[in-house]
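Data block below; observations after.
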Amino acid sequence: MEPSERAGNENEMLHTPVGVKSWVWKYFGFRKTEGVVVRDVAVCKEKDCQCEIRYCGNTSNLSAHLKRRHGIDGECKERTQGQASTAATSLTTFFPPKLSSTSKRAKNITKAIAFFICKDMRPYCVVENEGFRYLLEVLEPRYNIPSRQQFSESYIPNFYTKVRDEVIQGLMSAERVAITSDGWTSCTTESYITVTCHFIDNKWQMKNHVLQTRVFGDTHSGVNIGQVLRSACEEWGILDKAPALVTDNASNMIKAGEEAGLSPHIKCFAHTLNLTTQDGLKIAATERLLGRVRRIVSFFHRSAVATTVLKEKQSLLGLPRHKLKADVKTRWNSSFEMLERFLEQQAAVMATLLDKKVRKGSCDVHTLSESDLLAAEQMVSLLAPLKAATTLMCEEKQPTVSIVAPLRIKLLAHFEYAPDDSPLIKDMKRLMSDDLRERYNESEAQPEETPPHSSPHQISMELNEVCDAETTKECPPVSKKSKVLEDLFGDSFCTEDPSVRDKTSKELAHDEVRKYRDVASLSLDGKVLDWWRAHQAEFPLLADLAKTYLCIPGTSVPSERVFSTAGDIVRSERSVLSSEHVDQLIFLKKNLSRSTTESIEL
């Protein structure tokens, strides 16, 4: 037997002590004699060594042998391995492994970023901004931020498809849909047209959606706009919902409604109020007063010294530290707000203009006379109800078409002369009253009979129209199965109250309307749709009509509100956005919810 083989066999016979921690026992062992381990002599296991070294419980002589004869330094080796393990642990701590893009955590973060881009109208390139990337690295260092191309070409379109399907599903359950539409021009001089829709769902909740925003390169003629509206109704599958149309009073929009075949076509009452009030503000005396106030406001906006002194005077006089407001000639409510704010701060303004720090710079600014201030107060008093009416009409969560007639009557009564009216106020009242009557005549605004419960929030309807509508309904054909069931159970089964079994549809409608009129009127702060949800079983015929008509907004404000949203989306640093992306972002800004975001699969 070769020496090496003999040494190998002997190593196999050596016994390594159990439970010892020293590294030397990788290279040493004990022999057995007659089955007993001899622990006072340790044998080296290294090749061609088999050196026996006395062991007294201390491994120093054993380690010295390994270093001297074999060049093995176990302590240094173990220390190096321990340091490497510690370094690896430290690196893992400071540089944790990246999240997989398919992990639940990564998907949730990606959806949250997409939601942030849509709802807060952030550009796609926000994911490349240094501050945003640093924020995410602090919050979740393991997350890999997708590129802006992934958001613009994959994630956002995925969101759009999901939300679009939800909107279409909601439209399918609607009994009646109303749409509003208006055009606008972006900062890149591209013309767009936006369409919004409104309906009441099965839970009696008002739903408002932006449907689409499309580039409109043709002339804004009634025929072209009508084709766009008709196409939108077809695309979203609402032509069978008897869509009503609400637009401003422009002649091309009136023609567009006729071209699209949408009825009824409601003229925006807020737009009517704007035109009516603008007529009242065109009186020479009114324009002169507004011009004087406008010059004072402009001076304070230009002068830092005057602004500082104004704040001091406001503090001394105990007035709120509000800035003066400037008006925009195309928006009458801004003129109202300018006068209202000026009157609030009148004492501080006058004190500031008389201060010696400001007097030199205000030589071309004249304070208002006592008659001017009186006229301003009367104008504010006259215009306040119109401002309140406009604000009320801009509500989107509650019905507004039902309050058009009561508001019109209330405003016409407000325009009647009072004994203490000045000539200026009388002229304004006369012009605005005539304009309101002309633009919104009796046939458009006021039905023949309005149930007491409707005022001012409930639906207005004509009694005869209700009865005739019920009388002319066609009865469905009776099937053979129905005939068999009638023969079997007809004498013992009843689906109606015996007291009304012999009444016609017209009589039932009359009874329901009479019962409805006997109900106490809803309070002014009451929720109309909540009332109908609670009483729809009691008034089934009227409830159907309420859901059909109350969904129609009294203004085209919903589509006009898109302009401000679009202005934040289509701006100079994002002027290269495609029209498809503009449509998707505006749609998601108005329609995307957190619950929908959480349910989307990436």
Side-chain angles (χ1 to χ4, degrees), residues 178 180-185 193-194 196 220 225 245-254 256-257 265-284 286-287 289-291 293-294 325-341 376 378-396 400-415 424-425 427-441 444-445 456 552-567:
T180 72
S181 180
D182 213 335
W184 54 279
T185 303
I193 187 167
T194 295
T196 70
H220 289 205
I225 297 175
L245 176 64
V246 183
T247 66
D248 60 30
N249 299 356
S251 58
N252 62 336
M253 299 306 292
I254 296 175
H265 184 179
I266 307 297
K267 298 177 183 177
C268 173
F269 192 61
H271 190 247
T272 298
L273 293 181
N274 179 62
L275 296 175
T276 296
T277 311
Q278 289 285 6
D279 278 356
L281 295 178
K282 290 178 181 178
I283 299 173
T286 302
E287 290 185 334
L289 175 60
L290 291 175
V293 176
R294 196 177 296 123
K325 291 184 177 181
D327 67 338
V328 179
K329 290 187 176 181
T330 56
R331 292 175 53 237
W332 76 266
N333 55 327
S334 66
S335 299
F336 167 80
E337 292 170 357
M338 181 181 71
L339 288 178
E340 188 179 43
R341 178 59 55 83
Q378 292 176 339
M379 286 178 59
V380 168
S381 178
L382 174 63
L383 297 177
L386 283 93
K387 174 66 183 304
T390 302
T391 303
L392 184 62
M393 291 301 301
C394 294
E395 171 65 45
E396 290 190 37
T400 53
V401 71
S402 58
I403 60 177
V404 171
L407 278 178
R408 176 181 173 278
I409 295 172
K410 187 70 176 177
L411 291 175
L412 289 176
H414 177 66
F415 292 151
L424 171 62
I425 298 301
D427 288 344
M428 291 184 65
K429 285 185 173 181
R430 175 179 52 81
L431 288 174
M432 289 192 289
S433 178
D434 292 345
D435 190 88
L436 183 57
R437 294 180 189 276
E438 180 183 353
R439 293 183 184 277
Y440 220 86
N441 58 44
E444 292 174 308
I552 304 174
T555 71
S556 60
V557 169
S559 59
E560 294 176 5
R561 280 182 175 151
V562 176
F563 299 177
S564 58
T565 298

Taking the side chain from Asp279 and the backbone from Leu431, do they hold a donor-acceptor pair closer than 3.5 Å?
no
Show, in sequence, the C-alpha distance, side-chain angles and deciding distance for Leu411 and Leu273, and conclude whether the side chain to side chain contact (heavy atoms under 4.5 Å, CB included) test is met.
CA-CA 10 Å; Leu411 291 175; Leu273 293 181; 3.5 Å; yes
Taking the side chain as every heavy atom from C-beta outward, state whether Leu383 and Trp332 have any atom pair closer than 4.5 Å.
yes
Roughly how far, to the nearest 0.5 Å, is the CZ atom of Arg439 from the CG atom of Leu275?
4.0 Å
Side-chain heavy-atom pair Leu436, Thr272 within 4.5 angstrom cut-off
yes
Can you see which heavy atom on Ile254 is nearest to which on Asn249, and at what distance?
CD1-O, 3.8 Å
Distance in Å, Leu382 CG paired with Lys429 NZ, rounded so as to fall on 0.5 Å steps:
6.5 Å
Pairs touching residues 382-394 that satisfy side-chain hydrogen bond (donor to acceptor under 3.5 Å, both in side chains), sequence neighbours left out:
Glu337-Lys387
Side-chain heavy-atom pair Leu290, Met338 within 4.5 angstrom cut-off
yes
Those residues at least two apart in sequence (or on a different chain) that pass salt bridge (Lys or Arg N to Asp or Glu O under 4.0 Å) with Asp434 are none
Polar contact flag, side-chain donor to acceptor under 3.5 angstrom, Thr247-Ser181
no
Before giving the answer on side chain to side chain contact (heavy atoms under 4.5 Å, CB included), spell out for Thr400 and Leu392 the whole-Å C-alpha distance, their side-chain angles and the decisive distance to 0.1 Å.
CA-CA 8 Å; Thr400 53; Leu392 184 62; over 6 Å; no
What I'd like to find out is whether the side chain of Asp435 reaches to under 4.5 Å of the side chain of Gln278, using heavy atoms alone.
no
Knowing that exactly one of Thr555, Thr196, Asp248 qualifies, which makes a side-chain hydrogen bond (donor to acceptor under 3.5 Å, both in side chains) with Thr180?
Thr196
Val557 vs Met393, side chain to side chain contact (heavy atoms under 4.5 Å, CB included): CA-CA, chis, key distance, verdict
CA-CA 9 Å; Val557 169; Met393 291 301 301; over 6 Å; no
Kindly compute the distance separating NE2 (His220) from CE (Met253), expressed to the nearest 0.5 Å.
10.0 Å
Who passes side-chain hydrogen bond (donor to acceptor under 3.5 Å, both in side chains) against Gln378, sequence neighbours left out?
Ser422
Partners passing ring pair (Phe, Tyr, Trp, His ring centres under 6.0 Å) against His265 (at least two apart in sequence or in another chain)
none
For residues Leu281 and Met428, determine if any side-chain heavy atom of one lies less than 4.5 Å from a side-chain heavy atom of the other.
yes
dist Leu386:CG -> Asn333:CG (nearest 0.5 Å) comes out at 10.5 Å
Among all residues two or more places apart in sequence or in another chain, which pass the salt bridge (Lys or Arg N to Asp or Glu O under 4.0 Å) test with Arg331?
none
Report yes if some heavy atom in the side chain of Val404 is under 4.5 Å from a heavy atom in the side chain of Ile266; otherwise report no.
no
Drop me the distance from Asp427's CG to Met432's CE, to the nearest 0.5 angstrom.
10.5 Å
Short side-chain to backbone donor-acceptor contact, Ser556 and Cys268, under 3.5 Å:
no
If I compare all heavy atoms of Ala376 with all of Leu289, which pair ends up nearest, and what's the gap?
N-CD2, 3.8 Å
For Asp327, all residues meeting salt bridge (Lys or Arg N to Asp or Glu O under 4.0 Å), sequence neighbours excluded:
Arg294
